[in-house]
Protein chains: 2
Amino acid sequence: MSETEPSWDFYRTFLTVLQQGSLSAAARELRLTQPTIGRHIDALENIIGFQLFIRSPQGLIPTEAAIDLKPHAEQLASNAAALLRAATGQGGGVRGTVRISASEVIGIEVLPSILTALHDRHPDLVIELSLSDAVENLLLQEADIAVRMVAPEQDALITRRIGGIPLGLHAHRRYLDKHGFPENLQDLLHHRTIGFDRESAFVQAIRKRVPLMDLMRPSFRADSNLAQLAAIRAGFGIGVCQVALAKRDPDIVRLFDKEFELPLETFVVMHENLKTTPRCRATFDALVEGLLTYMGR
Amino acid sequence: MSETEPSWDFYRTFLTVLQQGSLSAAARELRLTQPTIGRHIDALENIIGFQLFIRSPQGLIPTEAAIDLKPHAEQLASNAAALLRAATGQGGGVRGTVRISASEVIGIEVLPSILTALHDRHPDLVIELSLSDAVENLLLQEADIAVRMVAPEQDALITRRIGGIPLGLHAHRRYLDKHGFPENLQDLLHHRTIGFDRESAFVQAIRKRVPLMDLMRPSFRADSNLAQLAAIRAGFGIGVCQVALAKRDPDIVRLFDKEFELPLETFVVMHENLKTTPRCRATFDALVEGLLTYMGR
DNA sequence: TCTCGCTCATCTATTTTTGTATATCAGATG
DNA sequence: CATCTGATATACAAAAATAGATGAGCGAGA
């Protein structure tokens, strides 16, 4: 019942307990001890005046109040991490940690070689790669730089348009040997196809451009582009993937390269505040350069 | 030179020193003592590995590195405050602190009566009003709810359009008695007028709609709408202000009410995450309701 | 020039926080 | 049914952070 603001460390402890589910696990995570963590939670509960967890022999069960506070605590953690990244990058030169957000396909198939070259040039750079098709928010500092497939709307962001990465219809030779080549686009309806599970914004955009997609009933559905790519490689059926990726495997054949091509607009985005920090600047430039090369300009 | 993450409290101390300019002042602010603050800064400098401040008998002068880190620390503080607001608002019912961001005119001339009524209904509510024409960012949690004059672009925000608050040309009777009524809009060029100092986005929008504005050379310039309103009330000259505000003073006359009317689009905006918290919900609804009434529907 | 007010640095005593060890409880397993 | 592993809670000692007091530097104003 004090007037003072709680220690910010309590918030960190709170979040860790929330994430780990028990005082003991949180203590291991934070390299503290279980009684300490317990005292932090007690103190926080006393200050804010209500219970955050129900203690049980199996761990701590968060109350509704605690769940409501979780996003705030997570954001606090993001900011603290961003501050630390910014701090370690100080002192001139390209050094410190840079956190990149990208989609799974890009992150796994395209970025590694670009980042390898980047790190060869700047050995003091530590690279964090956060892969998710959910768009991480640069404003919330979840990442320093993002490779995006949608044009960002924020004006506090600096954006470099890469261009449209071409997508095409592909199938493995093994599949085609067994089921034959489709004669025309309509023929696709009688083939085994690979598509999306849920309706994302991206899927809706495709549908708009290619009405035929509406009619297709894919027999293999996954939201992960990576899983779709794997399915194509495994010879499951016909699916959409990046042309440049497919070319790497001589057994993957592109279909209807004249009739079907979908450009996937791509952008590299960074918060304006970071443009002067060497590590972000260098990474940003390397990503732009590397992606342009990947596209064959 | 430790491997461990610094205490988050160090960040708070760091920011306070940055804001206050001295260890002693920061100590007073945080209700700690000067040696403690000094140790925090020393510890932080040791962990991140470079100097944050140059000590002097006049206080602490931030290095460039410290200035670079400042925005991060400020955001951390915003989030911590937001978490605390969210915490005090727990427990059902409309209680706790709600932070509202609005422009100066709205905040001073329009909101007080709305907020008074709101507080009469919910005495446990604490209202923070942050007035600035700079748009505070809801995503950064600088405020819970904002009254905006530009349509928000973020999709994580829930927005309620109020409509166009009508702006009109006004002058005090005292001025008109002395200098006469302008015959037509062109005539304004020979009158004393009140306008903006710098080119804000808002001003440019006005110019686009009213080309005549380009020609006007206001003799009284202020970015603060409040100052402009005060100038009109003082009989300085002819200026633009909200029609509803001008009506309150019987000595202020509206000019060219047929030829000149500028609707100022207004929105009440809130972060989506807050829509279920009672205190924000109630405040949001009260603001929408109150502003609609203010506009006369 | 002297004093006052502000600053930061340092030393020491005290308070606070943390860690260690232990007790207890619940569930899984042989 | 005993045992083992996970969990939280508590008591007490160790460690760490804090407050308090003091010294010294710098600048403003009488």
Side-chain angles (χ1 to χ4, degrees), chain A residues 1-48 50-67 69-70 80, chain B residues 1-48 50-67 69-70 73 76 80:
Chain A
M1 204 47 79
S2 153
E3 259 305 310
T4 56
E5 188 190 352
S7 160
W8 287 8
D9 284 337
F10 291 171
Y11 298 146
R12 170 167 57 180
T13 303
F14 165 69
L15 177 62
T16 311
V17 172
L18 217 44
Q19 289 168 335
Q20 302 289 328
S22 81
L23 298 182
S24 313
R28 285 190 293 272
E29 176 78 18
L30 293 173
R31 304 186 178 206
L32 293 170
T33 56
Q34 169 256 321
T36 302
I37 303 297
R39 278 187 291 255
H40 283 185
I41 300 298
D42 288 344
L44 191 54
E45 286 179 336
N46 278 333
I47 294 174
I48 63 182
F50 54 90
Q51 207 174 8
L52 289 169
F53 297 96
I54 300 162
R55 276 79 166 164
S56 90
Q58 285 74 24
L60 269 70
I61 302 146
T63 62
E64 281 215 15
I67 293 170
L69 297 184
K70 189 178 184 192
Chain B
M1 201 51 79
S2 152
E3 260 306 310
T4 55
E5 189 191 351
S7 161
W8 287 6
D9 284 337
F10 292 171
Y11 298 145
R12 172 169 54 182
T13 303
F14 165 70
L15 176 61
T16 311
V17 173
L18 218 43
Q19 289 169 336
Q20 302 289 329
S22 81
L23 298 182
S24 314
R28 285 191 292 273
E29 176 78 17
L30 293 173
R31 306 188 176 201
L32 294 170
T33 56
Q34 169 257 322
T36 299
I37 303 296
R39 274 187 297 263
H40 284 185
I41 299 298
D42 288 345
L44 191 55
E45 286 179 335
N46 278 332
I47 293 174
I48 63 181
F50 54 89
Q51 206 173 8
L52 290 169
F53 297 95
I54 300 163
R55 276 77 168 167
S56 89
Q58 285 73 30
L60 267 70
I61 301 146
T63 62
E64 282 215 12
I67 293 169
L69 297 183
K70 189 177 185 191
L76 213 44

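Per chain, numbering begins at 1; letters A, B, ... match sequence-line order. Given the structure is predicted, the values throughout are model-derived calculations rather than measurements.
- D:dA7 atom C1' lies 16 Å from atom CD1 of A:Ile54, rounded to whole Å.
- Spacing between atom CG of A:Asp9 and atom C1' of D:dA17 amounts to 12 Å, rounded to whole angstrom units.
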What string of B, S and - do you get for nucleotides 2-19 of chain C, 5' to 3', if B is base contact, S is sugar-phosphate-only contact and - is no contact with any protein heavy atom under 4.0 Å? -----SBBB-------BB
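- With A:Glu45 contributing its side chain and A:Phe53 its backbone, the two residues share a donor-acceptor pair below 3.5 Å.
- Rounding to the nearest 0.5 angstrom, the gap separating the CZ atom in A:Phe10 from the CG atom in A:Leu52 is 12.0 Å.
- Counting only distance, with no hydrogens or angles, the side chain of A:Ser22 and the backbone of A:Leu60 share no donor-acceptor pair below 3.5 Å.
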For the pair B:Leu30 and B:His40, evaluate side-chain contact (heavy atoms from CB on, under 4.5 Å) and give the outcome as yes or no after the intermediate values. CA-CA 12 Å; B:Leu30 293 173; B:His40 284 185; over 6 Å; no
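- The two residues B:Pro62 and B:Ile67 make their nearest non-hydrogen contact at CB-CG1, 4.1 Å.
- Taking atom CD1 of A:Ile37 as the reference point, atom P of D:dA7 lies 13 Å away to the nearest angstrom.
- Straight-line distance from the CD1 atom of B:Ile61 to the C1' atom of D:dC26: 12 Å, rounded to whole Å.
- Ion pairing between A:Arg39 and A:Asp42 fails under the 4.0 Å rule for side-chain N and carboxylate O.
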